[in-house]
Protein chains: 2
Amino acid sequence: MNTLKNGAAHAAGAASTPVIGGTRYKEVKNGILAALSAKEWKGGEAIPSEKRLSERFGVSIGTLRKAIDELVADNILVRHQGLGTFVAQHQRDRYFFRFFRVVRQDGEKSYPTVSLVSFTKAKATREVAAILGIEPNTRVFSFVNRLALHGETVMIDSITVAEERFAGLTEAALRERPSTLYNFYQDAFHINVVGTEERLRVATANEIESDLLEVAPGTPLLEVRRIAYSYHQEPVELRISHVNTARYEYVGPSASHEEPL
Amino acid sequence: MNTLKNGAAHAAGAASTPVIGGTRYKEVKNGILAALSAKEWKGGEAIPSEKRLSERFGVSIGTLRKAIDELVADNILVRHQGLGTFVAQHQRDRYFFRFFRVVRQDGEKSYPTVSLVSFTKAKATREVAAILGIEPNTRVFSFVNRLALHGETVMIDSITVAEERFAGLTEAALRERPSTLYNFYQDAFHINVVGTEERLRVATANEIESDLLEVAPGTPLLEVRRIAYSYHQEPVELRISHVNTARYEYVGPSASHEEPL
DNA sequence: AAGTGGTCTAGACCACTAC
DNA sequence: TAGTGGTCTAGACCACTTA
C-alpha cells in the first residue's frame, strides 16, 4: 500500500486562501468556502473537477471528497454525476420550498404570486444595523411584498437589505426579476443565501396589513422574523412576514438532519 | 492494490434482515436500521464495533463507515471516539432543544418545568387513528402537560399515543419519569423518536387553556401540531401545543442541513 | 471516447478511552 | 496496552453526460 505518515510531506496545498482547520479535509472545506466568498465561482457555475481540486489542495481524492461531502450536506454545492460539481443556485423548483414554508392547511404546496407593494431607501436603525452587521445610519433598501396563494393574499413580507451589499438595486429591477428573490440576489449581486434563522410569534394586523390581507385591523397573524445568511454566517437580509393562517399554515422543522443543540 | 470487481464476491452479508438497497452501503444502512427496529440494540447501548459490523455485512470498513455516517447525520446513531458507536438517546442536555423550540424573546433558552394536568384513556377518532397509523376505535392514551419557563406557564401540550405501542403506560409512571418524555419513551417502551413534522398556525385560547395560561379566553395563541416519528417514519405520537407568545417565541428551522424539497 | 462524479476497497496511522 | 472511532491514502471500477 505504501501509505506514508500523513503529515509528513504536507505540501501545504496551493489553496488560494490558506485557511487552517484542525484536519486536512476541514482545511480544504475552508479553502473552497474562501474561494466561494471571493466569488471565484458564482451561483450555478461548475467548480473544478475533483481531480483538479485534489491537486490544487494537495490531498487525495478521498479527502477532497469528504470536504465536498460536507459542503453538499450544507446545500452550498450540488453534485451532478457525469457533469461536475456546481455552486448551488436558487431556482423555483430547487430550494424554493426550503425557504418558503407556508402551505394550505390540507398540505397543498403552491408557488406564491408576488407583487411589490412599496420600495424605499432609508437609514438603518441601530437595531437593524446590528442584525445586518453594518454601521448604524448606513443606507438600506426596504421593500414590501404581497404574496398570494390560489388567488388569495395570505402573507406580507417586509424586507430590508444593506445598500453596500446590494449596490444599484432599483424598484424596476426588483419588479422585472425573472425568478425567485434569492435567485435574483445571486445573479445580480453574487450574494448566496445558504441559511436562515427564524423566530415566530403571534402578532396583530396593523392598518397596512389588514388592508392588504383583507382582514379586520387587529386580526391575529403569524409573525415570522427571518435573518438570511450567506457564507460564514454573514447576515444579508432581514425579513418580517405576517401570515394569515385562516386557511394556510407554516411548516416547521422536521428535527432530523438538524444542527446539534 | 489488488482491487477486485466490486460485485464479484458479494458474500451477501449475514444481515439479520437482508433489506436490499441500490448500493452496498445503503443495504448496510437498511440492515442496521432493521436491527434497530427489531430492538436488537436499545437507546443508549453501544452497537458492535465497525470492524465487527463490516464482517457481519461483508463490506469493507470504508463502506460500513459510509452507512454509519448517514445514520449519524440522521441523529440515529452517535459516535464516541475510543468508546464506540451508540444508539442515540434523548437526554436533557442532548437533543432536548431540537424538539423543544420555545425560547424567551431575548433568545434565552431554558428547560421547562412540566406538570401533568390530566391523563385519560380513550378510543382513537378516525382522524387520530389515521395520523398514528392505527385502526379507528383502537385505544389511545391522552394526556395534557403544562410547561412553565422562568416560573411562568407559557405552553399547554395535548399528547396522544397508541396503547398498543405504549402498553402499560400509567399516570404514575408519567409523573415519576426521571428525565424527558422522549427519554421515557425510550427507556420504558423502547420507542425512539428520531424525527418530527410540525405545522403552525394561530389559534385562540379555549377555557382550559386560558385558565392554565392565565390569559383571557379568546387570546390568540400559537398552535403547533406535531407528529413524532420513530424509525422508518413510523408515527408514534401526536402533540398539539398552544403557546402564549407574549414573552416567548418559537424557533423555526435554520434551512441549512435540511431535507430536499 | 473522454471526462465527471459515485462506490468500494485494503490498509496505515492518529487520537481517544478504558483497564 | 488493547480496542475504539477519525483521518487519509491510492487506486479500481461503475454510472452518467456530452460530444
Side-chain angles (χ1 to χ4, degrees), chain A residues 1-13 15 20-32 41 45-73 76-88, chain B residues 1-13 20-32 41 44-73 76-88:
Chain A
M1 268 289 293
N2 189 23
T3 303
L4 42 88
K5 265 211 179 92
N6 286 333
H10 208 131
I20 298 170
T23 60
R24 309 270 254 127
Y25 82 86
K26 286 283 184 193
E27 277 179 46
V28 173
K29 181 180 178 183
N30 287 331
I32 294 173
W41 314 298
E45 287 182 10
I47 70 172
S49 74
E50 299 185 340
K51 180 139 195 309
R52 239 181 286 275
L53 284 172
S54 70
E55 286 159 2
R56 163 166 169 177
F57 289 104
V59 296
S60 78
I61 265 231
T63 302
L64 186 276
R65 280 184 63 79
K66 182 155 184 180
I68 291 189
D69 281 346
E70 292 201 355
L71 291 165
V72 168
I76 287 172
L77 298 178
V78 177
R79 285 200 267 231
H80 286 299
Q81 189 174 359
L83 267 174
T85 302
F86 299 79
V87 181
Chain B
M1 269 292 294
N2 189 24
T3 304
L4 44 87
K5 266 211 179 93
N6 286 334
H10 207 130
I20 297 170
T23 60
R24 308 271 253 127
Y25 82 86
K26 285 284 183 193
E27 277 180 45
V28 173
K29 181 180 178 183
N30 286 332
I32 295 173
W41 316 296
E45 286 182 10
I47 70 172
S49 75
E50 299 185 341
K51 179 142 196 312
R52 238 182 287 276
L53 284 173
S54 70
E55 287 160 1
R56 166 166 166 177
F57 289 105
V59 296
S60 78
I61 270 233
T63 301
L64 186 277
R65 279 184 63 80
K66 181 153 185 182
I68 290 188
D69 281 347
E70 291 202 354
L71 292 164
V72 168
I76 288 172
L77 298 178
V78 177
R79 286 201 265 229
H80 286 300
Q81 189 174 0
L83 269 172
T85 302
F86 299 80
V87 182

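By convention in this document, chain letters (A, B, ...) are assigned in the order of the sequence lines, proteins followed by strands, and residues within each chain are numbered from 1.
Between D/dC8, C/dG6, D/dG6, one nucleotide has an atom nearer to the side chain of B/Arg79 than all others, and that is D/dG6. Looking at the side chain of B/Arg65, the nearest of the listed nucleotides D/dG6, D/dT9, C/dG5 is D/dG6. Checked against D/dG5, C/dT4, D/dC8, the side chain of A/Ser49 finds its nearest nucleotide in C/dT4. The side chain of A/Thr85 sits closest to C/dG5 out of C/dT4, C/dG5, C/dT9.
Rounded to whole Å, atom C1' of C/dG6 lies 15 Å from atom CG of B/Asp69. The distance from atom OH of B/Tyr25 to atom C1' of D/dC14 is 14 Å, rounded to the nearest whole Å. Straight-line distance from the CD1 atom of A/Ile61 to the P atom of D/dT7: 19 Å, rounded to whole Å. Atom-to-atom, CG of A/Leu64 to C1' of D/dG11 comes out at 15 Å; the value is rounded to the nearest Å. To the nearest angstrom, C1' of D/dG3 lies 14 Å from CD of B/Glu55. In this entry the distance linking CD of B/Glu27 with C1' of C/dC8 reads 13 Å, nearest Å. Residue B/Glu50 contributes atom CD, which lies 14 Å from atom P of C/dT9 at whole-angstrom precision. The nearest whole Å value for the distance from the NZ atom in B/Lys29 to the C1' atom in C/dT7 is 16 Å.
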Identify the pairs formed between an N or O of the protein and an N or O of nucleotides 16-19 of chain D at a distance under 3.5 Å, and give each distance.
none

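Rounding to the nearest 0.5 angstrom, the gap separating the CG atom in B/Asn30 from the CG atom in B/Leu71 is 9.0 Å. Atom OG of A/Ser49 is separated from atom CD1 of A/Ile61 by 7.5 Å, given to the nearest 0.5 angstrom. A distance of 10.0 Å separates CD in B/Glu27 from CZ in B/Phe57, rounded to the nearest 0.5 Å.
For the OP1/OP2 pair of C/dT9 and a distance below 4.0 Å, the side-chain nitrogens and oxygens of B/Ser60 include at least one atom meeting the criterion. At D/dG3, none of the side-chain N or O atoms of B/Arg52 fall inside 4.0 Å of OP1 or OP2 (strictly under the cut-off). Remark: A/Lys66 is in phosphate contact with D/dT7, judged by side-chain N or O atoms under 4.0 Å from OP1 or OP2. Contact check, A/Arg24 against D/dT9: a side-chain N or O comes under 4.0 Å of OP1 or OP2.
Electrostatic pairing of A/Glu70 and A/Lys66 does not count as a salt bridge here, judged by no charged N lying under 4.0 Å from a carboxylate O.
The two residues B/Ala67 and B/Lys29 make their nearest non-hydrogen contact at CB-N, 3.8 Å.
Annotation: side-chain contact (heavy atoms from CB on, under 4.5 Å) contacts of A/Arg79 (sequence neighbours excluded): A/Glu50, A/Arg65, A/Ile68, A/Asp69, A/Val72, A/Thr85. Take B/Gln81 and apply the side-chain contact (heavy atoms from CB on, under 4.5 Å) test, not counting sequence neighbours, and it matches no residue.
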